[in-house]
Enquirer: 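One structure is given below, represented as structure tokens, and several questions about it will come after.
In what follows, every chain begins at residue 1, and chains take the letters A, B, ... in the order their sequences are listed.
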Amino acid sequence: MRVEQDGSLGWKKFWLWFSIGSNLTMLLMFKYLDFALGDSAMVRWMSDHNATAWIVELGKYTIPAGISFYTFQSISYVVDVYRGQEKAEHNLPKFMLYVSFFPQLVAGPIERFGKLHSQLFAEYSPRWEDVRNGLRLVIYGLFLKVAVADNLASVVDAFYSDHTSFTQAEAWLATFYFTFQVYTDFFGYSLLAQGSALLFGIHLMDNFNKPFIAKSIPEFWQRWHISLSTWFRDYIFIPVGGNKRGPWVLALAAMLVFFTSGLWHGANGTMIAFGVAQGFLYLFDRFVFKKLEFVGGHFHDHRGRLPLRRRLWDGFRTVKTGFFFMMTLVWFRSATMDQASEVFGMLWMPGYINCRLDGLVGIAAPTLAHGLQIPLFLCIFLLLDLWVMKDRADVWLGKFSMPIRWSMYVAMAVSIWIWGGAVNHPFVYFQF
Amino acid sequence: MMAWMKDIAPKVLLRLAVGVLVFFLANIWYVTSGFYKKERVKFSPVARKLDSAFLYGDVVYLGESSNTSFNPWTDTFGYSVSEFLQMYLPQNRVRGVSHDGYHVGLFSQMLGLMPEHWALRAPGFEEFDRGDLDAGGEKTALGSVKYGVNNDNWYKLNDGKLSRKTVVITVNMRSFGPSAMFNGNEASNQQEAIFYSHRTALLNRVFVSLHHYDNRDSREMERAKTQWFRTKDLRLDNSTNGRHYGITHGDLVSKGEECYRHNTVKWWLRDLQRQFAPVSGDADLARVMPMTEAYLKEFAFLLDEENPRVQALDAIVAKCKQEQVNVVFVLLIPNFDHAHRLFGAELTQLMDYNMDFLRKRFAGWEKEYSKGDFKVGYVDVQRLYSDCQLGEHKQGVSEDVGIGTVGNPFFDWAGGQHYTDQWYPTEHVDAHIRRFIAQKTAEKILAFQYRDRIQTGVTKPMVPVIKPSVNNQPNWNIKMPLADTCLQSWKDFATKHLR
């Protein structure tokens, strides 16, 4: 309110930074304090005193669910009010509802104040279409999380819990699986959030739009975790200079965005490495790979269709983008930088030999064979996501006749019930 | 508002009804296709063993790792407690079901698989029904024939009483503490426990898929444990005298008799580390240090009524009473010897307090249910073993060959050499004590059965004789050296700095 009401620009700025600072302080305290202080003398001193020991414990073991998400949501509100794009909310409970609206509280999408607020306090008039579409999104979201992501997680977790016991081929399999575990896990959560909100007549933004058909990393980030990407675009990338002030400013802004993105994902070296790697790939695509566009030739032939050469080139770019993203996820999944280095070594060292003991002393080797349902569900999902589903799941399902549609519901429900992944794996993005 | 309710509610209800119908059809397919059976074995191998135990057993022994743990190289006999128990009870069918890291909370859930009216049923009753059908109505009991007792005989032996069946529950005092309760493996135990119930098969699987159980991850468990260590008071009488060294920051001058006890595990650990730091270069002490920390974390706690595992004991008794199945609690004996050598009475008094807490509870039940068909008993291994040792010592036939009695003059506890884990506080004991546990448990069960006038043909135990002697004791020097040498070094250090 002070940001909106104070007359002078100086005070407005003061209140803006005060608000951003207080939001970030909470985030820092819960998420980054342990990382920042490590095992310093101060931490030991705090641990030694009952009055302060709980702070260390809190920093070490506690992260309020979704703190990164609603901190960003609060910051976007303050900045929008400062910019005059939104009016300040004078009613505290209403503001709190905007920040803590339960479907998107723990893992987004990070909604903007204008869009969500207007829906939350509009006259409530549920429509059957919303309820129906909401239920469709919920069942498809559950299918992605429970049947696809959790099954993939069983393989990935087995690999990363003892990676040196596996072969090179298994390392590639786990890396490939993890890419789609993260995707289906987070996409599934986003659909669940959207579906739950729709049951109340609230439309949340789409968070994913087929990221694996992207032809470049910049395009990928326009399709992956859209609510976060657009947040970074609006509140960091453009204010820093965006792409209007020449390549150096663009590079600086992009690196700042991706570094912050890495830090946002987690307070450890692996997440920062993930962010920085994404930044370099972004710049590589933007400045280097773009110069190779001529390889693809023309965009249209004389009949106005896409020529074969262009299609092949686009296909190559799509695979390349997905592959680069997959590689950076090794940092995302590894517990430490050492583990990430070892996994990269396993992936790329020619003729890598693992240190398995089976056959030598009769110890059964760990296995990544966790059932046929894993590749099956993954194939079904890829088929749907990359080729078949042209719209969002609820709209797409609505196009089928009732018997086919219901068959699909039953198939999804039975898959969740009977073949749901048994590994105790919370939503990946809950930790952020 | 009502208008949209009228529009939406029937549609939602219709879909819900279809969903329920699909669920039940899927459940039928899930069970009849054999899928459930396969998955049950995969997710909960113990559940299958339990089925078998309840089907064929008169006595079902629910144990944790101490039932079967032995050192394959050095232990005298490889028999588990439940196997020894079968030898002592040849007229009963003893079925042991054990799993590492199990505790009374899980045993309580395991009783959910106890068949209805189990106390009334003959062993192998389901086999009997099937045999009956196969034989065209003739009353032949497949299961009973297999085990040499037919159905009619069983009822005769049982003399019309219901309470021939007995459940033996292993009670490990350590498992009531924070380190065991907030163990990183607990989530997988709880996942297995989903199957310890007779609920709809598919519902069990859905609970697994949706992680509908206590699925706290290791980080959350670690936090709960740390919080416990920091906040739970260890002073038995809540006196203000038990100041911890943390306040005084190593002010050892104030370490008089009154400052004997530490307030919390956290301060105790902190103090231990502070005292240890200057001597960390000593190889023997460095070897003992992880062991001391483990003993503190495992045993330094005080039991109270709020403890969920104490409440699980109540649930076990309630369930057994409902089913009229006798229950015998076997209170295992922790490694007091090593605990005493590490921390003296400061730690063992806490352990004693907890053991007494459990003893009082069991004794109360034993008294309460001493009359009537349903009975509760307990086997206090520590006290019984102590009596036995003392008696033998007085007679000059003490079996603890070469074991000093310093700090244990009245044989209050078993010598540390009886424990197969020398460097960690487990209750894994050698064959000598495993046999002893089985013997005392069998005596308790037989006392119930004699009182019920259940007389059976064979009463002579068929137990191999374990004659203790120097040569018969495990030869620890081969694979698993005793902690004795290191503990001797520790003793000097501890006397000087810790007590």
Enquirer: What part of A/W419 is in contact with chain B, defined as an atom under 4.5 angstrom from a non-hydrogen atom: side chain, backbone, both or neither?
Expert: both
Enquirer: For each of B/F207, B/Y213, B/Y36, tally heavy-atom pairs with chain A at distances under 4.5 Å, and name the one with the top tally.
Expert: B/Y213
Enquirer: Top residue by heavy-atom pair count (under 4.5 Å) with chain A, among B/V12, B/N215, B/V208, B/T231?
Expert: B/N215
Enquirer: May I ask you to check whether A/F377 and A/F143 place their ring centres under 6.0 Å from each other?
Expert: yes
Enquirer: So, A/Y409 and A/R136: side-chain donor and acceptor under 3.5 Å apart, yes or no?
Expert: yes
Enquirer: Contact part of A/R127 toward chain B, heavy-atom cut-off under 4.5 Å: side chain, backbone, both or neither?
Expert: backbone
Enquirer: Name the member of B/N27, B/L203, B/V22 that forms the most heavy-atom pairs with chain A at distances under 4.5 Å.
Expert: B/V22
Enquirer: Does the side chain of A/Q119 pick up a donor-acceptor pair with the side chain of A/H203 at under 3.5 Å?
Expert: no
Enquirer: Within 45 degrees of the axis of the six-membered ring of B/W228 and under 6.0 Å from its centre: does B/K232 put its NZ or CZ there?
Expert: yes
Enquirer: Begin with the C-alpha distance, continue with both residues' side-chain angles, and end with the deciding distance and a verdict on side-chain hydrogen bond (donor to acceptor under 3.5 Å, both in side chains) for A/S401 and A/R405.
Expert: CA-CA 6 Å; A/S401 63; A/R405 203 170 59 237; over 6 Å; no
